[in-house]
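A short write-up of the structure that comes next.
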Amino acid sequence: MTTIRLWNSAARGKVDFTPIDPANVRMYVCGPTVYDRAHIGNARPAVVFDVLYRLLRHVYGEDHVTYVRNVTDIDDKINARAKETLQPGETPVEAIRRITGETTRWYFEDMKALGCLPPTHQPRATEYVPQMIAMIETLIANGKAYAAEGHVLFEVAKYPEYGALSGRSTDDMIAGARVEVAPFKRDPMDFVLWKPSEPDQPGWESPWGRGRPGWHIECSVMASELLGETFDIHGGGADLMFPHHENEIAQSRCACPEGQFAKLWMHNGMVNVDGRKMSKSLGNFLTVADMRGQAPGEVLRLALLSTHYRGVLDWTQQRIDEAADALAKWGGLVEGVDPSPSAASSVLEALGDDLNTPAAFAEMHRMAREGDAPGLAAAMALMGLKAPAAPEADGDLVERLLAARAEARAEKDFAAADAIRKGLDAAGIIVIDRKGEASEWRPGPNFDPAKLEAMR
RNA sequence: GGCGACGUGGCGGAGCGGUUACGCAGCGGAUUGCAAAUCCGUGUAGGCCGGUUCGACUCCGGCCGUCGCCUCCA
């Protein structure tokens, strides 16, 4: 059996992965807040943890892995967006449903295009509010939380291990204090479990009046409801380590003192665009929809995996181009080839070493060079990679142009022949001449139908 | 200010205390009327300064630089 070693953020080191129950390996990953198109930063964790999901299924069996990725559909950013886009005759709550429904659908489509398997469960926060209220009540009963002015706050001082995941002491946090200090907080570090809702905001009846849950409690509840009080892996972006994951740990451990919550924490690195942090003000904000306009989802997936998941990924055109070339080459090699029964052990070994996808690709390049098409096909299947569908080119037109070129060549009119070849080349049509036979051709990764059409 | 990560050849990007990463680009060759595609070959590295060691890109310390988090951003 392949040994899987994973970097545990909480321990700051690699550990051998040993499931609590090999018959049911359990993983939770923080999913998107559905108020807008998924961006490239949402895509990376989805793709990275999809690779881990596939690896775990390969090692422990397809029916022995439970993967939960939530959808946060209660959030003040959603409320703000609803207010901005309110349609005539629409209530604010209807607007919220419109936005969360639409963006959730977009998210599912985008992730599918990136080759991600659907997780076992994709719970929505709105489906778990009663359980959140119950967990908050438990925290109050345990003396870890307090109600004040319609809010319920978690009292950080009551959880001495707070900060263990991110390696911060509460003193450090206060030193950097940029925390909002509300008058009803006992301590600036205390964070919201429940807050009151205005009449035009979504709200649920609770022991503390009509209100809504805070962000952190959503994940704690959905994880324990679907995976239990102790489960194997919790994943998410590195920026979520503090405070989101720290707060999840505090809540869950205090609500279920006998449970451990996640045994292993994994964090993917951030994505930069052309060397800079992606932001709307810099104008380099990239959505998955934008990316899908640049290249097929399969290519984007390879590009997202081309650097190790813990490092910062710089998103550039060159990276996309190289991914497209590699995939086109591999796709040509494995077309019509039956994958070998199991992925090459070298590829499994690379992935098993803390998801070293670049090392796995090096192995795949080696297989391509050595002509091991079945092995390559198996490796691609394991990683959820496939060649993008060949673009449709106007075959009659290309054949006609090639015939004209052949005629020019026969008459030694090389200027005319070369003009046609250069045109086809510029259009991204790859022409392969063979001695004594008709030229073969196929659309390449840079095929541009408009340029081909212009040669008519 | 506090905490943390990272600095590898032209670019991307891994592993490794001593022996080729790999890919792209480049260069040379095969092939071609010239190309393309394909194949073969090949050069180029480890921020700076110290330390440990027979030996360091790899371990330790310092410095410099880049980036991130500390703001309900993946």
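A, B, ... follow the sequence lines: proteins, then strands. Residue 1 opens every chain. What you see is a predicted model; the values in this text were computed from it and never measured.
- Atom P of nucleotide B/rA14 and atom CD of A/Glu349 are separated by 18 Å, given to the nearest angstrom.
- Candidate nucleotides B/rA14, B/rA74, B/rC69 were compared by shortest atom distance to the side chain of A/His39, and B/rA74 ranks first.
- Nucleotides B/rG47 and B/rC6 place their P atoms 14 Å apart, quoted to the nearest Å.
- Using a 4.0 Å heavy-atom cutoff across all strands shown, A/Lys77 reaches sugar-phosphate atoms only and no base atom.
- Judged by distance alone with a 3.5 Å cut-off, a donor-acceptor contact links the side chain of A/Asp433 to the base of B/rA35.
- Within the nucleic acid shown, A/Leu240 comes within 4.0 Å of sugar-phosphate atoms alone, with no base atom in reach, counting heavy atoms only.
- Between the P atoms of B/rC63 and B/rC70, the separation comes to 26 Å (whole Å).
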(request) Give the C-alpha distance, both sets of side-chain angles, the deciding distance and a yes or no for salt bridge (charged side-chain N to carboxylate O under 4.0 Å, His left out) between A/Arg212 and A/Asp76. (result) CA-CA 10 Å; A/Arg212 60 194 190 282; A/Asp76 288 352; 2.7 Å; yes
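- Note that the CE atom of A/Met266 and the CD1 atom of A/Ile233 stand 6.0 Å from one another [nearest 0.5 Å].
- A straight line from CG of A/Asp110 to P of B/rA74 spans 14 Å, rounded to a whole angstrom.
- For A/Asp425, the side-chain atoms get nearest to B/rA36 when compared with the rest of B/rG33, B/rA14, B/rA36.
- Across the C1' atoms, B/rC40 and B/rG46 are found 29 Å apart, a figure rounded to whole Å.
- The CG atom of A/Asp354 sits 12 Å away from the P atom of B/rA14 (whole-angstrom rounding).
- Between A/Arg366 and B/rG23, a side-chain N or O to OP1/OP2 separation shorter than 4.0 Å is absent.
- Distance noted for atom P between B/rC57 and B/rC73: 42 Å (whole Å).
- Distance alone, capped at 3.5 Å, places no donor-acceptor pair between the A/Asn356 side chain and the A/Ala350 backbone.
- Per the geometry, NE2 belonging to A/His244 stands 9 Å off P belonging to B/rC73, to the nearest Å.
- Donor-acceptor pairing under 3.5 Å, judged by distance alone, is absent between the side chain of A/Arg421 and the base of B/rA36.
- Residue-nucleotide stacking is present for A/Phe414 and B/rG33, judged by a side-chain ring centre under 5.5 Å from the six-membered base ring centre and planes under 30° apart.
- Here A/Gly214 lies out of heavy-atom contact (under 4.0 Å) with every strand.
- For a distance-only test at 3.5 Å, the side chain of A/Asp418 qualifies as a donor-acceptor partner of the base of B/rG33.
- Where A/Trp215 and A/Ile429 meet RNA chain B, the nucleotide closest to each residue was compared, and A/Ile429 sits on the side nearer the 5' end.
- Across B/rC34, B/rA74, B/rC40, the shortest atom-to-atom separation from the side chain of A/Asn42 is found for B/rA74.
- Put simply, the side chain of A/Glu246 gets close to the backbone of A/Gly163: a donor and an acceptor are under 3.5 Å apart.
- Taking atom CG of A/Leu300 as the reference point, atom P of B/rA74 lies 19 Å away to the nearest angstrom.
- Candidate nucleotides B/rG23, B/rC69, B/rC67 were compared by shortest atom distance to the side chain of A/His365, and B/rG23 ranks first.
- If you check B/rC40, B/rA36, B/rC69 against the side chain of A/Arg369, the one that comes closest is B/rC40.
- A parallel orientation is assigned to the rings of A/His244 and A/Trp215, their planes being inclined by less than 30° (bins at 30° and 60°).
- Counted by atom type alone, A/Asn247 and A/Tyr162 present one or more donor-acceptor pairs between their side chains at under 3.5 Å.
- Distance check on atom P: B/rG68 versus B/rC48 gives 24 Å, rounded to whole Å.
- Judged by Watson-Crick or G-U wobble contacts below 3.5 Å, the nucleotide B/rG15 has no partner.
- Under the Watson-Crick and G-U wobble criteria, each requiring two contacts below 3.5 Å, nucleotide B/rA45 is left unpaired.
- Taking atom C1' on both nucleotides, B/rG23 is separated from B/rG18 by 27 Å, rounded to a whole Å.
- For B/rG28 and B/rG43, the C1' atoms lie 11 Å apart once the distance is rounded to whole Å.
- B/rA45 sits 15 Å from B/rU19 when the P atoms are compared, rounded to a whole Å.
- Checking B/rG15, B/rC22, B/rA35 against every side-chain atom of A/Ala362, the shortest atom distance belongs to B/rC22.
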(request) Apply the test ring pair (Phe, Tyr, Trp, His ring centres under 6.0 Å) to residues A/Tyr146 and A/Phe154: give CA-CA distance (whole Å), side-chain angles for both, the deciding distance (0.1 Å), then the verdict. (result) CA-CA 7 Å; A/Tyr146 57 94; A/Phe154 184 89; 9.4 Å; no
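- Between A/Thr307 and B/rG12 there is no side-chain polar atom (N or O) within less than 4.0 angstrom of OP1 or OP2.
- Nucleotide B/rA21 has no partner under the Watson-Crick or G-U criteria, as no pair reaches both atom distances under 3.5 Å.
- Spacing between atom CZ of A/Arg310 and atom P of B/rG7 amounts to 11 Å, rounded to whole angstrom units.
- In this structure, A/Tyr28 has its ring center at least 6.0 angstrom away from the ring center of A/Tyr67.
- A/Ser306 comes within 4.0 angstrom of sugar-phosphate atoms only, judged by non-hydrogen atoms across all strands, and of no base.
- As rounded to whole Å, 21 Å separates atom P of B/rC11 from atom CH2 of A/Trp315.
- Closest to the side chain of A/Pro45, from the set B/rG33, B/rA74, B/rA14, is B/rA74.
- If you measure from atom CE of A/Met278 to atom C1' of B/rC67, you get 15 Å, rounded to the nearest angstrom.
- The base of B/rA74 does not come close enough to the side chain of A/His267 for any donor and acceptor atom to sit less than 3.5 Å apart.
- The listed nucleotides are B/rA37, B/rA14, B/rC69; the one nearest the side chain of A/Asp239 is B/rC69.
- B/rC3: Watson-Crick or G-U partner is B/rG68, with both key distances under 3.5 Å.
- The residue A/Gly41 sits close to a base: some heavy atom pair falls under 4.0 Å.
- Across all strands shown, B/rU38 forms a Watson-Crick or G-U wobble pair with B/rA30, both key distances being under 3.5 Å.
- Using a 4.0 Å heavy-atom distance criterion, A/Val192 is classed as making no nucleic acid contact.
- For A/Arg319, a side-chain nitrogen or oxygen approaches OP1 or OP2 of B/rG13 to under 4.0 Å.
- Formation of a donor-acceptor pair under 3.5 Å by the A/Lys144 side chain with backbone atoms of A/Lys158 is found in this model.
- Between A/Lys277 and B/rC73 there is no side-chain polar atom (N or O) within less than 4.0 angstrom of OP1 or OP2.
- Where A/Ile40 and A/Arg409 meet RNA chain B, the nucleotide closest to each residue was compared, and A/Arg409 sits on the side nearer the 5' end.
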